[in-house]
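When reading the values below, keep in mind they use all heavy atoms of this one structure, side chains included, and skip hydrogens, waters and symmetry mates.
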Amino acid sequence: MGPTPPDPATTSAPTGRQYLLERVGEAAVVQLYADGFRDLPLRDKILVWHLAQASIAGRDIFYDQRYAHNLEMRDVLEAILTRRADVDPATLAAIERYTKLFWINTGPYNNLTARKFVLTCTPDAFAAAARAAARDGARMPLQAGESVEAMLARLRPMFFDPEFESTVTSKTPPPGHDILTASSNNFYVGVTMQDLEGFEERHPLNSRLVKRGSRLEEEVYRIDGRYGAAIAAIVRHLEAAIPYATEPMAKALRALITFYQTGREEDREAYDIAWVQDKASNVDTINGFVEVYLDARSIKGAWEALVFYVNREKTSQIRTIAEHAQWFEDRMPWDAKYRKEGAHGVTANAIDIVVETGESGPITPVGINLPNDQAIRERYGSKSVSLSNVREAYDKSLLAEFREEFAWAAEEAERARQWNAFASELTTNMHEVIGHGSGKVDERLNGNPQAALKEQFSAIEESRADLVALYFLADPAIVAFGLVPEEHHRDIILTEYESYTRNALMQLRRVREGTQIEEDHMRNRQMIVHWLLANTAAIDVRRRDGKTYYVMTDPKAFRAGVGRLLAEVQRIKGEGDYDAARALFETYGVHFDPTLRDEVVARVDRLQLPSYTGFVMPRIEAIRGDSGEITDVEIAYPLDLSAQMLEYSAATRHLRA
Ligand SMILES: [Zn+2]
């Protein structure tokens, strides 16, 4: 099935290459290109291929973590879409639209708002479509002795009721709920925050907690545990990859295999250390239980996988930042006791993604800094990557109107046109390398500020990293380091400060319902701009022709305010000051004026601007010789979200737990 043709009004592909493939509701679908892949030596290509298979093999683990009913729901949707001949066209269009959003968001919850979206056809029309597909030979995920009708009745609230299990991660629960009972993800079953008092998790990152009677049980993700078949498949592909890896990478892969076998915390640490010590390999992978945003407690890791190679041309900037890590650390505008001495081991690369699955795909970050384990970061350093081909695809699929609509003055929009791509890449690199990579916490916290800051931790940490980048962007030293040309430094500072300020307004388009922000990066950006508004003279709120503008008017005051706020945010992290963190976000970061949001939504809707983007990954295929050995690996670009999602699903259907 082909994609619906892209809307010509929103296509911009100056190279003639297709980036924007289609619009689905408020999402854009964009093709990712990995041009450097063809030039890799065969050994690296084969390595990438095996690692890509390992990435696809674990994809369903994240589906299951995000929502317990996700895989069943996906099976029903895919069964209908692949046996569609006799399905009513209007119903089919509604199902197809919903399924694309379901794939992009990995289930029925919007990735930005955490809120549920539902099918827009009627339950009766959906049932008729399922019956038609079943008659046509579609295999439905029926339980023993269950009819198609009974299955549809069972899944009806999941597909149709927006109030049933309405929020995937709720860090600000409604009255009568706590952050676990208000969250519909699958990290906890029947568990309340109160149940956790005095309970010590042995596998905090890689388990699901289930309450059985009065007992709490940790179901561990490992080869003979939860999702054991998928993990065994991952391990087989990792083992096949090892002969093609460099020795440091092979060591990391062996450590990862051990962790997947035992599920033990000390083996996860050994893997993190081996991974961070592999500094020079041209190909690398992230594969495992990594980020903690999906868990309202910020403890449990969502499964993700990425495979990438170093983009040599674009790596020099990020390396320069990393080489001066100690220089920046010594000048952090915070209390000297939180400055790290011997800021070592920050390895930074610009990379091109070949495949991302789990929590990293189809929606992807643009920069990553790992490992998250604070104790390991302080002792062994961290690795930072900037996802160059993702940035390129974002930039090439973006519209000029997007900037113009929210810029107060023509010169602001023109500056953005000229410098935004450069300024945003530089600040993201600084965010990852000297932002997340910097600072230390009080010894009393045992390298684990998460435990003290709980659901506020991720937003505090993202704020800290953003503030470090904003602060040093305006430092003359970055000219001396060769990161920006002197004659353009002022324009680059203005561009970034203006765009950061505009973004607090523009990002409200992503929260179409409710009056509060759940996503941590969004909370952080909202908090910083609103704190600056309240505490400095750097930003003006202006109105013209019924439209609101956030206008950055004083870059010096902006930077001074950023420095003051950064000192406080580092203090909060360093001391694990939960109350201060909560007050900061409650005051400036979580709540917003719905009238202003409605205005922003109306403005972006007039321009048909997307709220977020799902990426179609390159497709790589192994070419085999007579005896089955891989003789070459070819890369292609599917230009079709549905085809890729169906292909991935078919590859893992036999690996369900
Ligand atoms: Zn970050």
Side-chain angles (χ1 to χ4, degrees), residues 54-55 57-71 106 168-169 180 183-193 195-239 252-275 285-305 357-360 370-373 375-376 448 450-451 652 654-657:
S55 305
R59 173 178 178 252
D60 291 351
I61 298 172
F62 178 62
Y63 264 87
D64 181 70
Q65 287 180 315
R66 196 155 158 82
Y67 189 39
H69 304 289
N70 253 356
L71 288 167
T106 310
V168 68
T169 304
L180 298 189
S183 299
S184 303
N185 62 56
N186 195 20
F187 286 131
Y188 307 90
V189 181
V191 181
T192 66
M193 284 299 279
D195 292 329
L196 291 172
E197 273 166 36
F199 179 78
E200 201 181 327
E201 288 157 288
R202 292 181 56 212
H203 306 272
L205 194 68
N206 60 321
S207 70
R208 181 172 85 149
L209 267 181
V210 180
K211 192 166 180 188
R212 293 206 165 84
S214 60
R215 249 168 37 87
L216 279 183
E217 199 175 298
E218 286 185 84
E219 295 179 347
V220 184
Y221 291 93
R222 63 184 167 205
I223 210 159
D224 62 351
R226 193 163 172 76
Y227 273 79
I231 290 172
I234 296 170
V235 165
R236 280 195 301 279
H237 293 300
L238 295 178
E239 281 169 344
L253 293 176
R254 283 192 290 266
L256 177 58
I257 290 168
T258 302
F259 173 57
Y260 274 138
Q261 284 163 340
T262 68
R264 294 191 315 182
E265 193 54 9
E266 55 266 44
D267 291 322
R268 196 266 310 152
E269 285 168 16
Y271 164 61
D272 277 356
I273 292 167
W275 181 80
T285 191
I286 295 164
N287 185 310
F289 302 91
V290 181
E291 303 290 355
V292 295
Y293 305 113
L294 182 60
D295 177 14
R297 289 170 65 220
S298 304
I299 298 289
K300 306 249 164 259
W303 190 89
E304 68 173 11
T357 63
E359 201 181 38
S360 283
L370 290 173
N372 284 328
D373 188 321
I376 292 176
N448 186 9
Q450 289 94 321
T652 57
H654 62 293
L655 299 174
R656 301 278 177 80

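No side-chain heavy atom of Thr169 sits under 4.5 Å from any side-chain heavy atom of Tyr293. Side chains of Leu180 and Thr192 form no contact here, defined as non-hydrogen atoms less than 4.5 Å apart. For the pair Leu196/Leu216, a side-chain contact is recorded, criterion being any heavy-atom separation below 4.5 Å from C-beta on. At a threshold of 4.5 Å between non-hydrogen side-chain atoms, the residues Lys211 and Val189 do not count as touching. A heavy-atom distance below 4.5 Å is not found between the side chains of Arg208 and Tyr227.
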Practice item. In sequence, state the C-alpha distance, the side-chain angles, and the governing distance for Arg59 and Leu655, and then conclude on side chain to side chain contact (heavy atoms under 4.5 Å, CB included). Key: CA-CA 10 Å; Arg59 173 178 178 252; Leu655 299 174; over 6 Å; no
Review point. So Leu294 and Phe187, side chain to side chain contact (heavy atoms under 4.5 Å, CB included) or not? Walk me through it.
Key: CA-CA 9 Å; Leu294 182 60; Phe187 286 131; 3.6 Å; yes
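Within the model, atoms CE of Met193 and OH of Tyr188 stand 8.0 Å from one another, a figure rounded to the nearest 0.5 Å. Atom CD1 of Ile273 is separated from atom CG of Asp373 by 8.0 Å, given to the nearest 0.5 angstrom. Atom-to-atom distance recorded for Ile234:CD1 and Trp303:CH2 is 4.5 Å, nearest 0.5 angstrom. The CD atom of Glu291 sits 7.5 Å away from atom OG of Ser360, with the distance rounded to the nearest 0.5 Å. Atom CG of Leu209 sits about 11.5 Å away from atom CG of Asn186, to the nearest 0.5 Å. Atom CD in Glu266 sits 7.5 Å away from atom CD in Glu269 (nearest 0.5 Å).
Here the side chain of Trp275 pairs a donor or acceptor atom with the backbone of Thr285 at under 3.5 angstrom. Although no hydrogens or angles enter the test, the distance criterion places a donor-acceptor pair under 3.5 Å between the side chain of Asn372 and the main chain of Val290. A donor-acceptor pair under 3.5 Å is absent between the side-chain atoms of Gln450 and the main chain of Ser298, judged by distance alone. Checked by atom type and distance alone, the side chain of Asn70 pairs as donor or acceptor with a backbone atom of Thr106 at under 3.5 Å.
Here the closest heavy-atom approach between residue Ala57 and residue His237 is recorded as CB-CD2, 4.2 Å. When all heavy atoms of Gly263 and His203 are compared, the closest pair comes out as O-ND1, 2.7 Å. Annotation for Val168 and Asn185: closest pair O-ND2, 3.0 Å, computed over non-hydrogen atoms. Summarising the geometry of Gly190 relative to Asp195, their closest heavy-atom pair is O-OD2, 3.8 Å, with the distance given to 0.1 Å. Of all heavy-atom pairs between Ser55 and Thr357, the closest is O-OG1, 2.8 Å. When all heavy atoms are compared, the tightest approach of Asp295 to Lys300 is OD2-N, 2.9 Å.
By the 4.0 Å N-to-carboxylate-O rule, Arg268 lies close enough to Glu265 to be salt-bridged with it. The pair Arg226-Asp64 meets the salt-bridge criterion, with a side-chain N (NZ, NE, NH1 or NH2) lying under 4.0 Å from an Asp/Glu carboxylate O.
Tested against Thr262 for a side chain to side chain contact (heavy atoms under 4.5 Å, CB included), the candidates Ile257, Asp267, Asp224 yield a single pass: Asp267.
With hydrogens and angles left out, the side-chain atoms of Asn206 and Arg222 include no donor and acceptor closer than 3.5 Å. Side-chain atoms of Tyr260 and Asn287 include a donor-acceptor pair closer than 3.5 Å.
Ring geometry for Tyr221 against Phe289 counts as tilted: the plane angle lies between 30° and 60°, on a 0 to 90° scale.
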